[in-house]
Amino acid sequence: RVLAIGEVIVEIMATSLGRGFSEPIALVGPFPSGAPTIFIDQVARLGVPASMVGAVGNDDFGLLLRERLACDGVDIVGLRSIQHAATGSAFVRYRPDGDRDFVFNIHDSAAARVVLDEKTRSVIAQCHHVHIMGSSLFSPQMVSVIQAAVDDVKKRGGSVSFDPNGRKEMLDKPGMRDALMGFLAQTDLFLPSGEELTALTQAQDEAGALAELLDLGISAVVIKRGGAGASYCDRQTRIDVPGLKVNEIDPTGAGDCFGATFVACWLTGRIPEECLRLANASGAMAVTRRGPMEGTASMVELEAFLATRMIEMN
Ligand code: ADP
């Protein structure tokens, strides 16, 4: 059983390209979102037991999130509904160059109110793998709940995966680099982008960074490269896959779907080549749908998608 802990939020997107939200524009949403939320939904879509620890408000957005996760098969016993707190949200607008502007309401929302109570402890106790998202380490409270889960799962012989997911600015927050490095030392499977890989280490290039990370005791590093594909590296093996050609509608959520599919396949005993091939397909499928969690897929859908690609290539 896989556990994700962190922000369960809705995302509301601008329907036009441009900069920021300083004038009224058309929006579409709410879409279920939050990196750990997308991740755990994709794990459940693949039929692997999945639990979410997080919090939403007792409002329509919270209801939407609870219903969607439950409907996709995620265990939401550890998802608190908090009275008198609004569900977390993110407003997103794409710039013409592909960059994004965000307005976040997470830190002061229900999403930040994750606590290590009896219910949370009992959900953690049922899980054998914890996935950590860098975006969820936004407060000392979140860090301590995630740390408790990692300690508990590791003590029972379970495993940990970690995706720093692009929050480089977090490294400047007091204590955050130490928290990230502490988690890295307990990580079995690390899933950074190429940029994050070098930013988190002292190394000058990817090869040096990989050597540093594998020396920390990490079993395998999986590097996400957007439309250019992905790579898998452990002490013996290196595998590269090119990106699959797709019509990109919305890149948000690709890394989360990719990571979820890799982790789910890895935990169910597939060989690294297969994990990477299916994760690469999962990331590619994710970008073809508008909305961060709308591109999650079942194993049948992933296999069918890959089969169509093979036919197109021949
Ligand atoms: P993140 O969302 O964490 O930045 P990426 O954008 O690198 O992650 O996407 C994760 C993975 O999803 C990539 O490594 C690739 O396998 C797949 N992917 C992402 N964008 C595309 C794209 N435009 N075309 C094909 N595959 C993609």
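Remember, it's 1-based here, ligands and their atoms both numbered in the order they're listed.
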Can you pull out the closest protein heavy atom to [atom]? Residue, atom name and distance to 0.1 Å, please.
atom	answer
atom 23 (N) of ligand 1	Glu248 OE1, 2.7 Å
atom 22 (C) of ligand 1	Gly227 CA, 3.5 Å
atom 9 (O) of ligand 1	Ala254 CB, 3.7 Å
atom 25 (C) of ligand 1	Leu244 O, 3.1 Å
atom 27 (C) of ligand 1	Gly226 O, 3.5 Å

Going by side chain to side chain contact (heavy atoms under 4.5 Å, CB included), Val8 matches just one of Ile106, Ile40, Val56. Which one? Val56

Salt-bridge test for Asp72 and Arg68: reply yes if a basic N is under 4.0 Å from a carboxylate O, no otherwise. yes

Thinking salt bridges, do Arg19 and Asp99 make one under a 4.0 Å N-O criterion? no

Assess, by modelled atom type and distance only, whether the side chains of [X] and [Y] contain a donor and an acceptor separated by less than 3.5 Å.
X	Y	value
Arg80	Thr120	no
Asn58	Ser81	no
Glu7	Ser136	yes
Ser51	Arg1	yes

Are any of the N/O atoms on [X], whether in the backbone or the side chain, positioned under 3.5 angstrom from an N/O atom of ligand 1?
X	answer
Asp163	no
Gly255	yes
Asp256	no

Roughly how far apart are Asp234 CG and Tyr232 OH, rounded to 0.5 Å? 3.5 Å

4.5 Å side-chain heavy-atom contact, Val153 and His129: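 No. Closest side-chain heavy atoms not under 4.5 Å.
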
Please identify which atoms of ligand 1 are closer than 4.0 Å to at least one heavy atom of Val246. 24 (N), 25 (C)

Atoms in ligand 1 flagged as close to Arg225, the criterion being non-hydrogen separation under 4.0 Å: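 Matching atoms, with element in brackets: 7 (O), 14 (O).
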
Once you restrict to heavy atoms under 4.0 Å, what part of Lys224 touches ligand 1? Side chain, backbone, both or neither.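 It is both parts that get close, each with some atom under 4.0 Å.
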
Using a 4.0 Å heavy-atom cut-off, which part of Asn280 comes near ligand 1: side chain, backbone, both, or neither?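 Within the 4.0 Å criterion, Asn280 contacts ligand 1 through backbone and side-chain atoms alike.
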
Tell me whether ligand 1 is touched by Gly243 - counting only heavy atoms on the residue side and a distance under 4.0 Å. no

For Gly229, is the nearest heavy atom under 4.0 Å from an atom of ligand 1? yes

Does some non-hydrogen atom of the protein lie less than 4.0 angstrom from atom 12 (O) of ligand 1? yes

